*Asks:* 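Please read through the structure below; I'll follow up with questions.
Excluded from the calculations below are hydrogen atoms, water molecules and symmetry mates; all remaining heavy atoms, backbone and side chain alike, are included. All values reported here derive from a predicted model rather than from experimental measurement. Quick note on labels: first sequence line is chain A, next is B, and so on, each numbered from 1.
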There are 2 protein chains.
Amino acid sequence: MSKQELVVLGQDGADGCCPGLLTTPLGEERAVELAKVFKALGDPVRLRLLSMIASREGGEVCVCDLTPAFDLSQPTISHHLKLLRQAGLIDCERRGTWVYYWLLPETTDKLAGLLTRPGQPAEASS
Amino acid sequence: MSKQELVVLGQDGADGCCPGLLTTPLGEERAVELAKVFKALGDPVRLRLLSMIASREGGEVCVCDLTPAFDLSQPTISHHLKLLRQAGLIDCERRGTWVYYWLLPETTDKLAGLLTRPGQPAEASS
DNA sequence: CCTCTATGTTGACGAACTTCGAAGCAGGAT
DNA sequence: ATCCTGCTTCGAAGTTCGTCAACATAGAGG
């Protein structure tokens with residue numbers, strides 16, 4: 001299932017290794033890589049999907065719990081989930097009849113780190 | 001100059017007022033608003049522009065310093081800068097012959113906060 | 001085996017995006 | 001006023017994206 005070519009956000013982010021977006025000019029290859037992840041977040045449907053998955057109590061959501069929240073066909077939801085998966089933001093597994101999705105926090109952590117300025121702790125909101 | 005309809009990232013983010021992306025399901029309107037900002041970041045050219053602007057010593061960059069870094073026409077760079085500006089990520093001002101751009105850190109701070117999980121400080125990288 | 005349900009994949013189409021050249025505008029210099 | 005330079009806006013071409021209907025697949029249960 002999770003045999004998609006993921007976007008791997010190289011060395012960086014929360015582990016405090018490599019330059020953040022806001023401190024050092026971004027190289028072209030790295031920009032391309034990063035843009036894929038941000039592009040995945042650049043759609044309202046995908047943002048809501050990610051949010052629904054991330055905020056789920058047990059950490060896992062079945063597709064059948066996601067689809068009814070939208071006025072979209074199931075294939076469209078499936079398509080958006082695939083893009084989020086390819087961006088390395090979520091992963092999934094089939095369990096019997098259903099497929100469960102969960103957040104990959106490393107990726108969001110790295111994005112948050114990249115967008116954080118040196119002096120700014122940027123504690124989680126709420 | 002800065003009379004663009006900015007995307008205003010409502011109440012949220014670093015000020016710890018409203019739910020982060022990862023803790024509470026996102027409302028539709030808010031998702032649309034947020035998606036515009038992420039979409040602005042979803043292009044390699046714009047990411048590099050933002051990075052170049054943000055990491056500049058004095059905090060300001062002239063367009064003429066940005067353009068040579070790309071294999072793109074000046075109108076194209078101008079277009080991307082406009083999108084970043086409409087997303088509320090940067091602003092600009094004309095001074096004599098040149099136009100200077102600078103980062104609006106409130107917006108990146110808010111994004112970082114939204115992507116940060118409750119337990120995770122997400123200190124700036126590098 | 002066959003059928004039913006839950007998901008993913010394919011192909012197609014309109015909308016949106018990226019890019020360019022050409023034209024427009026604002027200021028400084030002549 | 002006239003020209004030149006720096007930048008933005010306009011209009012068009014090519015590409016990518018979001019969406020759906022139709023089809024394919026995986027597993028459960030007869």
*Asks:* Does the side chain of B:V45 reach to within under 4.5 Å of the side chain of B:T76, using non-hydrogen atoms?
*Replies:* no

*Asks:* Which heavy-atom pair separates A:C62 from A:W98 by the least distance, and what is that distance?
*Replies:* SG-CD1, 3.3 Å

*Asks:* Separation of B:W98 atom CH2 from D:dT8 atom P, in whole Å?
*Replies:* 14 Å

*Asks:* Nearest whole Å is fine: how far is D:dC17 P from B:F38 CZ?
*Replies:* 18 Å

*Asks:* Please report the C-alpha distance between B:E93 and B:W102 in whole Å, then the side-chain angles of each, then the deciding distance to 0.1 Å, and finally whether the side-chain contact (heavy atoms from CB on, under 4.5 Å) criterion is met.
*Replies:* CA-CA 9 Å; B:E93 182 187 18; B:W102 57 86; 3.6 Å; yes

*Asks:* Quick check on A:E106: does its CD atom have over 12 non-hydrogen neighbours (other residues, nucleotides or ligands) under 6.0 Å away?
*Replies:* yes

*Asks:* Nearest whole angstrom, please: distance from the P of D:dT8 to the CG of B:L49.
*Replies:* 11 Å

*Asks:* Heavy atoms only: give me the nearest B:A31-A:P44 pair and the separation to one decimal.
*Replies:* CB-O, 3.8 Å

*Asks:* Is the phosphate of D:dG6, meaning OP1 or OP2, less than 4.0 Å from a side-chain N or O of B:Y100?
*Replies:* no

*Asks:* Between B:T76 and C:dT18, is there a side-chain N or O to OP1/OP2 distance below 4.0 Å?
*Replies:* no

*Asks:* Side-chain N or O of B:Y101 less than 4.0 angstrom from OP1 or OP2 on D:dT8?
*Replies:* yes

*Asks:* Using salt bridge (Lys or Arg N to Asp or Glu O under 4.0 Å) as the criterion, list what pairs up with B:E60, not counting sequence neighbours.
*Replies:* B:R95

*Asks:* Indicate yes or no: at least one non-hydrogen side-chain atom of B:R56 is less than 4.5 angstrom from one of B:Y101.
*Replies:* no

*Asks:* Quick one: B:L84 CG to D:dC7 P, roughly how many Å, whole number?
*Replies:* 16 Å

*Asks:* Answer yes if A:L103 and A:Y100 sit in the same cluster of Ile, Leu, Val, Met, Phe, Trp and Tyr residues linked by side chain heavy atoms under 4.5 Å apart, and no otherwise.
*Replies:* no

*Asks:* Between A:R85 (CZ) and C:dG8 (C1'), how many Å, whole number?
*Replies:* 9 Å

*Asks:* Looking at C:dC20, I'd like to know if its phosphate oxygens (OP1 or OP2) sit under 4.0 Å from a side-chain N or O belonging to B:S73.
*Replies:* yes

*Asks:* B:H80 has an atom NE2; how far is it from atom C1' of D:dC7, in whole Å?
*Replies:* 16 Å

*Asks:* Any residue in residues 54-71 of chain B with a heavy atom nearer than 4.0 angstrom to DNA chain D? Just list them by number, or reply none.
*Replies:* B:C62, B:V63, B:C64

*Asks:* Answer yes or no: side-chain N or O of B:Q74 and base N or O of D:dG6 forming a donor-acceptor pair under 3.5 Å.
*Replies:* no

*Asks:* Under 4.0 angstrom, heavy atoms only, what part of the nucleic acid is A:L72 near: base, sugar-phosphate, or nothing?
*Replies:* sugar-phosphate

*Asks:* Please tell me if the side chains of B:K82 and B:Q86 come closer than 4.5 Å, counting only heavy atoms from C-beta onward.
*Replies:* yes

*Asks:* Let me know the distance between CG of B:D91 and P of D:dT8, rounded to the nearest Å.
*Replies:* 12 Å

*Asks:* Using atom names, set out every protein N or O paired with an N or O of nucleotides 11-13 of chain D below 3.5 Å, distance rounded to 0.1 Å.
*Replies:*
none

*Asks:* Would you say that B:L34 contacts B:L111 through its side chain, given a criterion of any heavy-atom pair below 4.5 Å between the two side chains?
*Replies:* yes

*Asks:* Where do A:C92 and A:V99 come nearest, in terms of heavy atoms and distance?
*Replies:* CB-CG1, 4.0 Å

*Asks:* Working to the nearest 0.5 angstrom, can you tell me the gap between A:L84 CG and A:L41 CG?
*Replies:* 7.0 Å

*Asks:* Shared ILVMFWY cluster between A:F70 and A:I90, side chains joined below 4.5 angstrom?
*Replies:* yes

*Asks:* Please give, in whole Å, the distance from D:dT9 C1' to B:Q86 CD?
*Replies:* 12 Å

*Asks:* What is the per-nucleotide protein-contact pattern of nucleotides 22-30 of chain C, from the 5' end, where B denotes a base atom under 4.0 Å from a protein heavy atom, S denotes such proximity for sugar-phosphate atoms only, and - denotes neither?
*Replies:* B---BSS--

*Asks:* Output one line per pair: protein atom, nucleotide atom from nucleotides 11-17 of chain C, and distance, for all N/O pairs under 3.5 Å.
*Replies:*
none

*Asks:* Just distance, no hydrogens or angles: give the donor-acceptor pairs under 3.5 Å from side chains in residues 46-54 of chain A, sequence neighbours left out.
*Replies:*
residue	atom	partner	partner atom	Å
A:R46	NE	A:A40	O	2.7
A:R46	NH1	A:H80	ND1	3.0
A:R46	NH2	A:K39	O	3.3
A:R48	NH2	A:A69	O	3.4
A:S51	OG	B:L21	O	2.9
A:S51	OG	B:T24	O	2.8
A:S51	OG	B:L26	N	3.0

